[in-house]
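Here the structure is a predicted model, which means the values were calculated and not measured. Just so it is clear, the values below take in all heavy atoms, side chains as well, and ignore hydrogens, waters and symmetry mates.
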Amino acid sequence: MPRDAGERRITPGDAADAARLVAFGLQPKLLPARDAEYAELLRRHREDPAFARLADAVAAGLGLVVLEVSPRAGMAVTAAEDSVFAVRMGDYARRAATDSADRFLHGLAHLAVAAMAFPRPEDLADDGYIGRITVNGVDAFVRQACRRLEERAAEQGENTDPETGAPGLEAAWRIYARRSSTGATKDARRLAGSTTGIVAKAVAFLTESGFLQRTGDDAGGAYRTTARYQLQVRDMAGSAALAELLELGVVAVSDGSATLLPPPDGDDLDLAADAGLPFHA
């Protein structure tokens, strides 16, 4: 296909620069404001449509989805399900524990962090909004959700002890509620298999991935969100599992309104065993 009259020829150097930009995007902790080369490549992406298309094509070829390219977020990318860069919940959970039931707990921890970080639709839509969470706060939120689910099950007269493999949050809340919040060791350290230990593992992973920044040690560890995490949660806002958790209405917001948008009618509200943010099943 002939090039447009005003479009310049793409050179091997351009291809190398485009790949370099994608490589920067795969370093989530790197901020454009702190790297002159990164900032310059972002400027080229913004001002040179041919270069932008080339960089986006390089990302697509690697199985990456470009969420945003901007000075605030850099080249924010997320891995498609078939990408070599995809992180799977099962692999993540196996690093922390061998018990398959813990996959539910790790998934719930990630869902709860997302829900608490952006408790209202306007927070998720506002580029300037910074969410703040603590490990103990996330654990308390999930336990409150567990109580709400227990009340709902009792009102509906549902089986109080469903099969272990049953899908959905209904099957997960009992596992979480029965697990110790902190556990106990001789030196009072938090057990990795306790629920706060699992939440701490989740936020540590998100911090290492450039989605959260640690701000202090209060309440088990305090964190703030980054632009990349806001983009990630926006991308996942329609997930059925996240919507089901939010519909319980236990996120602490001043007006008591629901949080993220619910899924379209007819979506399956089951929580798969490997569900979680920012993972693939």
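Look at Arg132 and Asp218 and you find no salt bridge, because none of the NZ, NE, NH1 or NH2 atoms lies under 4.0 Å from a carboxylate O.
Rounded to the nearest 0.5 angstrom, Glu40 CD and Arg20 CZ are separated by 13.5 Å. Here the OH atom belonging to Tyr129 is positioned 7.5 Å from the OG1 atom belonging to Thr225, to the nearest 0.5 angstrom. The distance from atom CG of Asp123 to atom CD1 of Ile130, rounded to the nearest 0.5 Å, is 12.0 Å. A distance of 13.0 Å separates OG of Ser194 from NZ of Lys201, quoted to the nearest 0.5 Å. The CD1 atom of Ile133 lies 5.5 Å from the CG atom of Leu212; values are rounded to the nearest 0.5 Å.
Under the 4.5 Å side-chain criterion, counting only non-hydrogen atoms from C-beta, Tyr229 is in contact with Val113. Residues Asp14 and Arg44 have side chains in contact (heavy-atom distance under 4.5 Å, counting atoms from C-beta outward). Between Leu41 and Phe51, some side-chain heavy-atom pair lies under the 4.5 Å cut-off.
Grouping the Ile, Leu, Val, Met, Phe, Trp and Tyr side chains by contacts below 4.5 angstrom, directly or via other members, places Val22 apart from Leu231.
Nearest heavy-atom pair across Pro32 and Ala39 is O-CB, 3.7 Å. The two residues Gly210 and Lys29 have their closest heavy-atom pair at CA-CG, 4.1 Å. Looking at every heavy atom in both residues, Gly220 comes nearest to Val135 through O-CG2, 3.4 Å. Residues Ala109 and Val138 approach most closely at O-CG1, 4.2 Å, considering heavy atoms. Contact record, Met116 with Gly137: SD-O, 3.5 Å, taken as the closest heavy-atom pair. Nearest heavy atoms, Gly25 versus Val77: O-CG2, 3.8 Å.
Side chains of Thr196 and Asp139: a donor-acceptor N/O pair is absent below 3.5 angstrom, by distance only. Remark: the Arg143 side chain and the Thr195 side chain contain an N/O donor-acceptor pair separated by less than 3.5 Å.
Distance alone, capped at 3.5 Å, places no donor-acceptor pair between the Thr134 side chain and the Ala222 backbone. The closest donor-acceptor contact from the side chain of Tyr223 to the backbone of Gly216 lies at 3.5 Å or more, if one exists at all. Arg228 places a side-chain N or O within donor-acceptor distance of the main-chain N or O of Met75, the cut-off being under 3.5 Å. A donor-acceptor pair is defined here as one N or O able to donate and one able to accept, closer than 3.5 Å; such a pair exists between the side chain of Thr226 and the backbone of Phe211.
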Would you list the atom pairs, donor with acceptor, under 3.5 Å between side chains in residues 61-71 and any protein atom, with sequence neighbours excluded?
from	atom 1	to	atom 2	distance (Å)
Glu68	OE2	Ser70	OG	2.6
Glu68	OE2	Arg72	NE	3.0
Ser70	OG	Ala73	N	3.2

For the pair Leu31 and Tyr38, evaluate side-chain contact (heavy atoms from CB on, under 4.5 Å) and give the outcome as yes or no after the intermediate values. CA-CA 8 Å; Leu31 300 177; Tyr38 193 4; over 6 Å; no
With side-chain contact (heavy atoms from CB on, under 4.5 Å) as the criterion, how do Leu124 and Gln230 come out once you've worked through the C-alpha distance, each side chain's angles and the decisive distance to 0.1 Å? CA-CA 6 Å; Leu124 196 59; Gln230 185 179 51; 4.3 Å; yes
Show the numbers, then the answer: is there a salt bridge (charged side-chain N to carboxylate O under 4.0 Å, His left out) between Asp127 and Arg234? CA-CA 11 Å; Asp127 287 347; Arg234 281 180 190 170; 2.6 Å; yes
Under the side-chain contact (heavy atoms from CB on, under 4.5 Å) rule, what do Asp48 and Arg43 come out as? Steps first, then yes or no, please. CA-CA 8 Å; Asp48 185 344; Arg43 183 198 62 76; over 6 Å; no
